[in-house]
A.B. asks: 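Quick one: the structure is below, and I'll ask about it shortly.
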Amino acid sequence: MHADGDSGGRALNSRPRSADGAHHEGLIAVCLALLLGLFAVAVAGVVPQESGVAVAIGTPVATSADVEGLPLRSAEGGRTSATLLRFDLPEGGGDGSRWVVRVERNAVESVWLQRGQWRSRQLGFFSPDGSEGVLPSSYVFPLPAGWTGPVEVELHALGSVRRTLHPRVMSETQATRLEQYGVAASAMIYASLFTIGLLALALFSAARDRLFLALFAFTLVALLTMAAVNGHLYQLPGLRAFAFWRLQGVSALALLLCAAWLQMLLQYADANQERPLRKRIVDYASLGLVAVAAVCLLNVPQVAIVLQHVQIVLFSLALLLGLGILVDAARRRVLMAWPLAVMAVLTLVGVVMVELSTRGHLLDTVLIRYGYQMGSVVGVAILSVGLIGRIGEYRHQRDRELLARADTERRMQREAARSDLVAELQAKLRMLPVGDTQWTAFRLLLDRLMPLLPVERCVVAARGYHGHDLLVVDPVECMEPVKTQVGKRELALKRQAANAIALQQPVTVEGQPSIVAIEAVVPLQIRAPAWGVLLLQRAGADGFTTEELSLASDFARLTLLHVDQAVAAVNLRRSAELDALTGSLNRRTIDQWLARTFSEGAREQQPASILFIDLDHFKSVNDRHGHACGDFCLRNVAMALRGALSEGDLFGRYGGEEFIAILPGRSGAAARVIAEQLRMAVENLHLDWSGQPLRLTVSVGVATRLEHEETPDAALERADRALYSAKAHGRNCVQVAPAVFS
Ligand SMILES: Nc1nc2c(ncn2[C@@H]2O[C@H](COP(=O)(O)OP(=O)(O)OP(=O)(O)O)[C@@H](O)[C@H]2O)c(=O)[nH]1
C-alpha cells in the first residue's frame, strides 16, 4: 500500500475569493433582494392612503409663491411666509374624529395656522413640543369642532431657507395612523443602525480590525444624520443643543456622513492599496466635505442659503464617487460590491426625490421621506455583510499563515532532530567496538525518530550488517513478540529490504475485519547479502505521509552512513595499530605504549617490566617447511602468548620472529614468573603442518624499569641482552637482566 498523504499542508486558494465565496455572495444578495421585496410589499400594504379633504392652496398672504405649496424665505429679519388654505369641511369628522391639518415635518423654524382671532399652537422643527409624541413625522393642527363648510385658514411658517410645505386636511384618526407609520419607520431605521453599530463594535473587539471601527463610526454618523434630518435629534436631552446650528448642523452631519461613506468604501474595496490615485482623489474629496461641514458649523445664514443649492450636488458627487469605487470593486469580485452598488443607486434616486419634494416638484410622502433612509440602512447592512464576509478572507489568510508557521516549526524540529542525531552518532560511535556501534546507532535512530512520527512501535531488523544480526525494538517490552514476527516474516522482509523506496501496508489481526494498524517498511541501504529494514507501526487506518516516510528514510540513511564510517574508522585504526600477520600490536604501537608505560610508571612510582620473546631456530622452520609454515607458526605462537598474558598486559610483534610483552605494574620477580608461563605455553603448543607435527620453543629476556628511568630505551637494551643471554644459555629458557649488565 502506498502512502497517499499530502506533504504537510493543504493547498490553499490564493485568489481573493474562491468560486465558493462568489456563490455565497450570490446567495446573500438574493436573500437581501427577497427581504427588500417583502419589505416593499409590506410597506405598500401598510402605508395608509393619504385621502382626506382636498386643499386648495390660495394666494400667499405675505409673500408671493412661485411654486406650488408654501414657499418659505429667510427668516432673518423676522419675515414669515403665509398662504391661504381653502377647503370644504363636511359635517363632523371623516370617521367621527376631529379634522386636522397635517403638514409633513419639514425643517422650518415654526409653523402655525391662523384664522381671524383663532390661532393654532406653534410648532417648530428644532424645538419639538413634548405633546407631539415620540419620533413625530409631521406637524398636526386640530381644527376647531365647529368649523364646517368652506373654510379659509392661513398657514404661517417661519424658516431660514426655502422649504415647500404640503398641508393636508384629514381626520385625526388618519393623521394618527400616518404618524404611527412614521414612528415605526424611523424607529426601524434607528434600531437597525444602532444594531449594526453595536455589531461593528463587537466585530472590532473580536477581529481587532480598524475596518470595523470605521464601520462603527460610519453607522454612528449615519444615525445622527438621519435623526437630525427627521428632526428627532432635538428631542434627545443631551443633543438638544445641536439645534443651535439649525439646518446648517443637519448639512454638516450629512456632509460628514458622505466623507465617512467614501472612506468606508475605500477601506471596504481595499482600494487604498491597489489604486493610489483614486485613494488620493477620495481623500481630497473627503477632506473637502469635512471642510464644508466645518464651514456650516460657523452658523453664517448666507452659507445656509448657498448650501441649500450646493449640498445636493455634493451629496450626489459623493454618491457617484462611491458608486465608481463599488463598480470597480465589483469587477474585482470584492464581496457584496454589486448589491452595494445597486443600493447606492437607489439611495441616490431617493435623495434626489427628497430634494425634488423639498423644492415642491414632488409630493412629500412618507415613502419618499423614509424610503431613501431605509435604503441607506439596507445599504449599511449590506456593507456590514460584505465586511463580515471579509472575516472569512482573514481566516483563510490566518489559516495559511498558521499552516506555514506550523510547517516551518515542524521542519525546524526535524532539522534539529536530524542534527542532534548526527551529533550523537558522531560523538557516541567513535570509540565503540563494532558490534556495539550498530546497536547504539539504531537505538539513537529510534530515540530521535519516534517523537517526530506518531507511531506505536518502531523496529530495526538487520541481518549480517558488518557481520552482525540485529533487532532493536522500541518500546522494548515488544521485543519478544517482534522477535517471533520478524522470524516468521524473514523472507518477506528480506524481499522488501531490496526495494529502493519505503512502502506501507495494512496490519490486520485474525478474526478482526478492519485494519488495526498501518506498517511502513523502510528498507535500509545495506550491501547484499546483508539486509535490513526499519519497521514503523501506527495504530488505526491512517497511513504515513510521503513526508514522514522520506523523513524515516533520511534518518535511516544517516544512521547507516555513520555506522559505516565508524566501522571503517575502527578497521583503519586496527590496521594502523596491529600487525597484519598475527593481529598483535605492531612495532609502532608498542613503542608508543612502552613510552607511555615508562613515563606513567616514573610519575606514579610503579614498576614495569618488559619481556623480549624470540622463537628458537625459526630459520630452520622456514627452511624446512617454507614461509607459509613459518607464518602459520608465528600466528599460533602469538595467539598462545597472548592467551597466557593477563588483562592489562600488552603484547605485540617487535619484528621478524621476535615478540614483546609489556607488563605495567609488574616487578622483576613477577615478570620472571610470567615469562616462564609464556615459555611453557609455547613449549606445550602442539602444531600440525600438513600432517607433520611442529614443536617450537622461545627464549625470553626480562628487564624491569629502574627507579629513575622515565624512558624505555635502557630497559629495552637490558631485555635484549637478557634474551641474548637466554639464547646463549641453550635457548627455551628465561633470563632476567640485572639492574646493570656488566
Ligand atoms: N615465515 C616467516 N619468517 C620470518 C618472518 N620474519 C622473519 N622470519 C624469519 O625468521 C628467521 C630468523 O632467523 P635468525 O635470526 O637467524 O634466528 P633463528 O633461526 O631463529 O635462530 P635463533 O634466534 O638464534 O634461535 C629468518 O629466517 C627470517 O626469514 C616472517 O614474517 N615470516
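When a ligand or atom number is given, it counts from 1 through the structure's own listing order. The first residue of the sequence shown is numbered 1, and numbering continues consecutively from there.
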A.B. asks: Please report which non-hydrogen protein atom sits nearest to atom 15 (O) of ligand 1, along with the residue it belongs to and the distance in Å to one decimal place.
C.D. replies: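 Looking at atom 15 (O) of ligand 1, the protein heavy atom closest to it is E657 OE2, 3.9 Å.
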
A.B. asks: Under 3.5 Å between some N or O of ligand 1 and some N or O of D616?
C.D. replies: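 Between D616 and ligand 1 (N or O atoms, distance only) the closest approach is not under 3.5 Å.
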
A.B. asks: For atom 1 (N) of ligand 1, what is the nearest protein heavy atom, given as residue, atom name and distance?
C.D. replies: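 Its nearest protein heavy-atom neighbour is N622 OD1, 2.8 Å.
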
A.B. asks: To the nearest 0.1 Å, how far is atom 23 (O) of ligand 1 from its closest protein heavy atom, and which atom is that?
C.D. replies: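 The closest heavy atom on the protein side is K727 NZ, 3.0 Å.
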
A.B. asks: Among all protein non-hydrogen atoms, which one is nearest to atom 16 (O) of ligand 1, and what is the separation to 0.1 Å?
C.D. replies: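 The closest heavy atom on the protein side is K619 CD, 3.9 Å.
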
A.B. asks: Considering distance alone, does some N or O of F618 sit under 3.5 Å from an N or O of ligand 1?
C.D. replies: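 Yes; the residue has a nitrogen or oxygen that sits under 3.5 Å from a nitrogen or oxygen of the ligand.
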
A.B. asks: Going by heavy-atom distance to atom 7 (C) of ligand 1, choose the closest among G656, A628, C633, G655.
C.D. replies: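 The residue whose heavy atom sits nearest atom 7 (C) of ligand 1 is G656.
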
A.B. asks: Nearest non-hydrogen atom to atom 32 (N) of ligand 1 belongs to which of L615, T582, D631?
C.D. replies: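 Comparing heavy atoms across L615, T582, D631, the nearest one to atom 32 (N) of ligand 1 lies in D631.
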
A.B. asks: Heavy atoms only: which of R731, H627, R653 is nearest to atom 31 (O) of ligand 1?
C.D. replies: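 Answer by nearest heavy atom: R653.
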
A.B. asks: Counting only heavy atoms not in E710 (residues, nucleotides, ligands), do more than 12 fall under 6.0 Å from its CD?
C.D. replies: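 Not buried by this count: 12 neighbours or fewer within 6.0 Å.
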
A.B. asks: Check the pair E683, R679 against salt bridge (charged side-chain N to carboxylate O under 4.0 Å, His left out), reporting the backbone distance first and the verdict last.
C.D. replies: CA-CA 6 Å; E683 194 179 46; R679 187 196 65 74; 3.4 Å; yes

A.B. asks: Would you say CE of M450 has more than 12 non-hydrogen atoms from neighbouring residues, nucleotides or ligands within 6.0 angstrom?
C.D. replies: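 It does: M450 CE has more than 12 such atoms within range.
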
A.B. asks: Parallel under 30°, tilted from 30 to 60°, perpendicular over 60°: which one fits the rings of F632 and W689?
C.D. replies: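 F632 and W689: tilted rings.
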
